[in-house]
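Order of listing sets the numbers, starting from 1, for every ligand and every atom in it. When reading the values below, keep in mind they use all heavy atoms of this one structure, side chains included, and skip hydrogens, waters and symmetry mates. Just so you know, residue 1 is the first one in the sequence shown, and it goes up from there.
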Amino acid sequence: MHEAPSGPLPYYEDMGPGTGALPPRAWTGVSDARRVNLGGAWRFRLSATADGSDESFARPGFDASRWDVLPVPSHWPLQGHGQDHDYGRPAYTDVRYPFPIDPPRVPTENPTGDHLRGFDLPGDWPGGAAVLRFDGVDSCARVWLNGEELGTFKGSRLPVEFEVGEVLRPRGNVLAVRVHQWSSGSYLEDQDMWWLPGIFRDVTLIERPEGAVTDFFVHCDYDHLTGNGSLRVDCDPQGTVTVPELGLDIATGETAVVPVEPWSAEVPRLYDAELATEGERVPLRIGFRTVRVEDGVLKVNGRRVLFRGVNRHEFDPDHGRAVDLETMRRDLLLMKRHNVNAVRTSHYPPHPAFLDLCDELGMWVVDECDLETHGFSEVDWRRNPVDDERWTPALLDRAARMVERDKNHPAVVMWSLGNECGTGRGLSAMADWIRRRDPARPIHYEGDQSCADVDVYSRMYANHEESETIGRRAEPPLLDAESDQRRRAMPFILCEYAHAMGNGPGGLSEYQRIFETYERCQGGFVWEWIDHGLRRRTADGGAYFAYGGDFGEELHDGNFVCDGLVFPDRTPSPGLVEYKKVVQPVGFAADLARGLLNVTNRHDFADVSGLAFHWAYEVEGELAAEGRLEVPALAPGASAEVALPRAPRTAADGEACWTVRAVLAEDTAWAPSGHEVAWAQFEVARPAVPAGPLPGAPHAPRRVEGGLIMLGPGMFDAADGTLRYLDGAVVDGPRLDVWRAPIDNDRGADWYPEGQLERRWREAGLDRMRHRIDEVAPGQDALTVTTRVAPAASDLGLRTVYRWTAAGDRLALDVEVTPEGPWTLPLPRLGIRLGLCPTLDTVEWYGGGPGEAYPDTREASRLGRHRSTVDGLQTPYVRPQENGARADVRWAELRRADGSGLRVTGAPPFWFTARPWSTEELAAAEHTNELKRGDLIWVHLDHGLHGVGSGACGPEALPEFRLAAAPAAFSFTFGTLRAGHPAGPRPPF
Ligand code: GAL
């Protein structure tokens, strides 16, 4: 039994949602009622405990002139540093509560921020009723205005309003807010993110004239069979609704049925309208659409939709969850430009203005309640609040505050009860309430696999095979036959998949194929949109992104908080570029023999008339010809064959490739005309060029002074056979390399030891391979170096033979690798690495680019001629790790400022990586600022790489992307480039 404390619990520990608030209601950003934004500079005092300071600060006349000044909205732990204050530190845990689990009690150490703000009313403020609104306070607050206590509240990411008209004065108002970091509400808010207290969203005073809108509910459906929209606005009090464009002027409560254009995420058609009551005029933006689960499929306006989604937390690297309108818009523009069409608001309702933007720009939204009790899994779900009736009022309060606030957004197509709460009666009560209040939207919750309360079957991180089985409606049955039948008839979504932590996620296109094959699989939401790295400045003027543990937390989950498709500063990571390509809404296939291109419109609603199509024909990466393609205005789902022009040159000119692109024909609200939406490449088969010796007169190796062997432009160490100089420049000779700086997906997850490749690789010694030189044999026309590459304490090895030849001013290397011993583990990489002079800073290559690619993340890699710098090739994952490989490289050049440098050609094409630090340095760094340029540029020329998968929280690399230890042979040719060497096309070696 758990001892109840004597006496009632304080408000911040009782299980209730709070006291004194008005009933929740619909949000409107604007109306003709006056508003005062109370954001800005507030007075602030931080105490270490909840009751350690008195309440006199809330009384009129209190002198706070010695208090600090704090901006509102903000999180106080992010405000103290760099100024003279210490407002505590952010803390990150994923699942675990950072306090003892003893609900509803919280620790005595309970950082408490007293906030004070004085304000005068504008001169034209009419007096009478008014509400004071808080859009987000983490986690519990008590509020006074002019010394009168208004009430208390919890529910960090939910709004609350208090009636304040009686208490307001024209001048000299004092608003006092006491905010506790920990409250009973914290047990309901165990989302995987930083713990960040504060008044982090707007505080607004809103006039409520006599007869103003209390609440309203816009019901607007679309009948795809008749093309009619129906509109009814319920409102308290009664009023009228006008929609000028539709010629509508109806009373609230009355239904109008008229022909309309429907709203969808692809064509977000909104109608401007106005709701007028006696006391207020509220502008509305109405979108007509109907969401329904029908025949086992989730449909909008009668059509199956496919979610190309992301999970979005609200995050800014400097301001935490205090996110401004500009940042919200930026997120949506970035999403739209990367073909993302859906957002799950993980795991709480976003700032209300975000949903306005979703209506406007077009985005399917799964609106999730501010609820997660995941930390109870640490104690076998004992005392889980969602299964304890005493908490049900708090849960219902949360459901109501979400639904009432957001019910008028066409973008919101599903309600989600919360995330990872286990199961319980409280969740069922929420679902019942929501269903009664808003029967027009399906309900989502992933945590109850029996799907008792929901309308869609949702899973997180199901692997490809399982997703496919579910797609066939062939998943193992639930024990209860009736529940099983119900669930089997539901649509399926992956509310989280493709964990985007660090380098990855791999396997996206294989998921997409499943979504496109099985009607039941309606897509998913990548985990997650953004890395929650907090920006920290360094003494030398640099900066890096911090993660769990960087603030001295006693318990933390490290960089698991950095698992997004965009970096903390919103730079797209390669994962987002890959996702854009994988989910592109136009598909291409070519039959080059017949000169035909097949174009498929993969939109669910839009035709392709908004797109312009282009072709280009490139030879050896150089543009040979280009033009427009005429594609008919294909309906959603339709395909057409269009003729490609005649190939401008013959394949004998070199390797040729068609690139076809679909770009925006006109400016849209989210991108300018010309923005590329979809593309594909088709390589023209070229006649096989017989491999042979280097052109020119062959050189023979010969011993020279200083224990060296000279072979053409190469000078080798006679003792170990390594290349020391190439054309006079120092080289840290190439040798076999199998190691990579482990990526987060190699580390895997705590709960799945089998997937922990890094641990298994290190145990096997792949990070400490030794090179035994068995023979250095200068022959007639080649220098052959035989080695065995192997780790201590193991009989696994890789017999490796390097065969060097030279002709003219070029040097060629053939590598042969033969595994010895019982290899079962995949290799991280297989190739050679060499160190070069650091002035070789400019890079040009012909192969895949412009961005990085790995075997299972190479959809967005485009064959062509690319240029960069060594620095530009690096991908700054928040925790440094293997990155930056370019796929399918035919040749690469590294040059100095004067144009001199090195050129390497591979047969077959290779993976090219160059970095200003070594793998060991990369692996040792915990943050990006620890990486410093060294004395060499390290170049990796890889024959194979292991896939990246998404094993940090999901499936490992699929079997086809596993780099098995197997016999391999590959070759490179090195040549030097003279200063002033002209840039531009050069014949292939
Ligand atoms: C899920 C959870 C997310 C996040 C993710 C891992 O279980 O719902 O909030 O923790 O795993 O990054």
Chemist: For the residue pair His313 and Tyr348, categorise the inter-ring angle as parallel (less than 30°), tilted (30 to 60°) or perpendicular (more than 60°).
Modeler: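 Rings of His313 and Tyr348: tilted, as their planes differ by 30° to 60°.
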
Chemist: Sequence neighbours left out, what pairs pass side chain to side chain donor-acceptor pair (under 3.5 Å) with at least one residue falling in residues 553-567?
Modeler: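 Of all non-adjacent pairs touching residues 553-567, those that pass side chain to side chain donor-acceptor pair (under 3.5 Å) are Arg96-Asp557, His499-Asp563, Trp527-Asp563, Asn559-Asp744.
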
Chemist: Would Arg157 and Asp370 pass as an ion pair if we require N to O under 4.0 Å?
Modeler: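 Yes, Arg157 and Asp370 are salt-bridged.
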
Chemist: Strictly under 4.0 angstrom, heavy-atom based: which residues surround ligand 1?
Modeler: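 For ligand 1, the contacting residues are Asp94, Asp192, His347, Asn419, Glu420, Met460, Tyr461, Glu496, His499, Trp527, Phe560, Asp563, Cys953.
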
Chemist: By side-chain hydrogen bond (donor to acceptor under 3.5 Å, both in side chains), which residues pair with Trp364, not counting sequence neighbours?
Modeler: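 Per chain and number, Trp364 pairs via side-chain hydrogen bond (donor to acceptor under 3.5 Å, both in side chains) with no residue.
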
Chemist: When the ring planes of Phe492 and Tyr457 are compared, do they come out parallel, tilted or perpendicular, using 30° and 60° as the limits?
Modeler: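 Correct class here is tilted.
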
Chemist: Under the rule for side-chain hydrogen bond (donor to acceptor under 3.5 Å, both in side chains), what residues qualify as partners of Ser450, not counting sequence neighbours?
Modeler: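 Expected list: Asp448.
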
